Amino acid sequence: KGEERRAAMALRAFASTAAKRLGLRTSGLGSPGSLTGSTRSSTRTFASGGKGETYEGVTIHHASNWHKFLSQGFGGVMWFWIFYRLRHDYETFLFGHAAHFEHEIAHDSEH
């Protein structure tokens, strides 16, 4: 049982250190030696750390930097994929699948 507790404490310390270095909130983790976490209640602040703009009772939270970075990366992958498929399938995109089937018919008639 003592070994499990030491492993849990080491894992919590690692998670706390990693979260702090990544700039994430660690208020709910408690101290590295505490397995129960924080006893005080806190309001939910989402990923932005509580910053946001409220209009008519609706709060729109600002995106954190890692959300912005991740969205740029996924957007880049999306556009890369669209242009890659367009490059390889432009005839189908422009003329539909008919050009593909006509190619097969012409190829079969040669044999």
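Everything quoted here is computed from the prediction, not taken from an experiment.
Only one option out of His62, His67, Lys68 pairs with Ser64 in a side-chain contact (heavy atoms from CB on, under 4.5 Å); it is His67.
Under the side-chain hydrogen bond (donor to acceptor under 3.5 Å, both in side chains) criterion, Thr17 pairs with no residue at all, not counting sequence neighbours. Residues passing the side chain to side chain contact (heavy atoms under 4.5 Å, CB included) test with Ser71: none are found, sequence neighbours excluded. Evaluation of the side chain to side chain contact (heavy atoms under 4.5 Å, CB included) rule for Leu70 yields Trp66, Phe74 as partners, not counting sequence neighbours. For Tyr90, there are no ring-ring contact (aromatic ring centres under 6.0 Å, His included) partners two or more places apart in sequence or in a different chain.
In this structure, the separation between CH2 on Trp79 and CG on Leu86 is 10.5 Å, given to the nearest 0.5 Å.
Listed by chain and number, the hydrophobic cluster partners of Ile60 are Val58, where partners are ILVMFWY side chains within reach of under 4.5 Å, directly or through others.
Contact check for His61 versus Glu53: no side-chain heavy atoms found under the 4.5 Å cut-off.
Listed by first and then second residue, the salt bridge (charged side-chain N to carboxylate O under 4.0 Å, His left out) pairs involving residues 80-89 are Arg85-Asp89 (not counting sequence neighbours).
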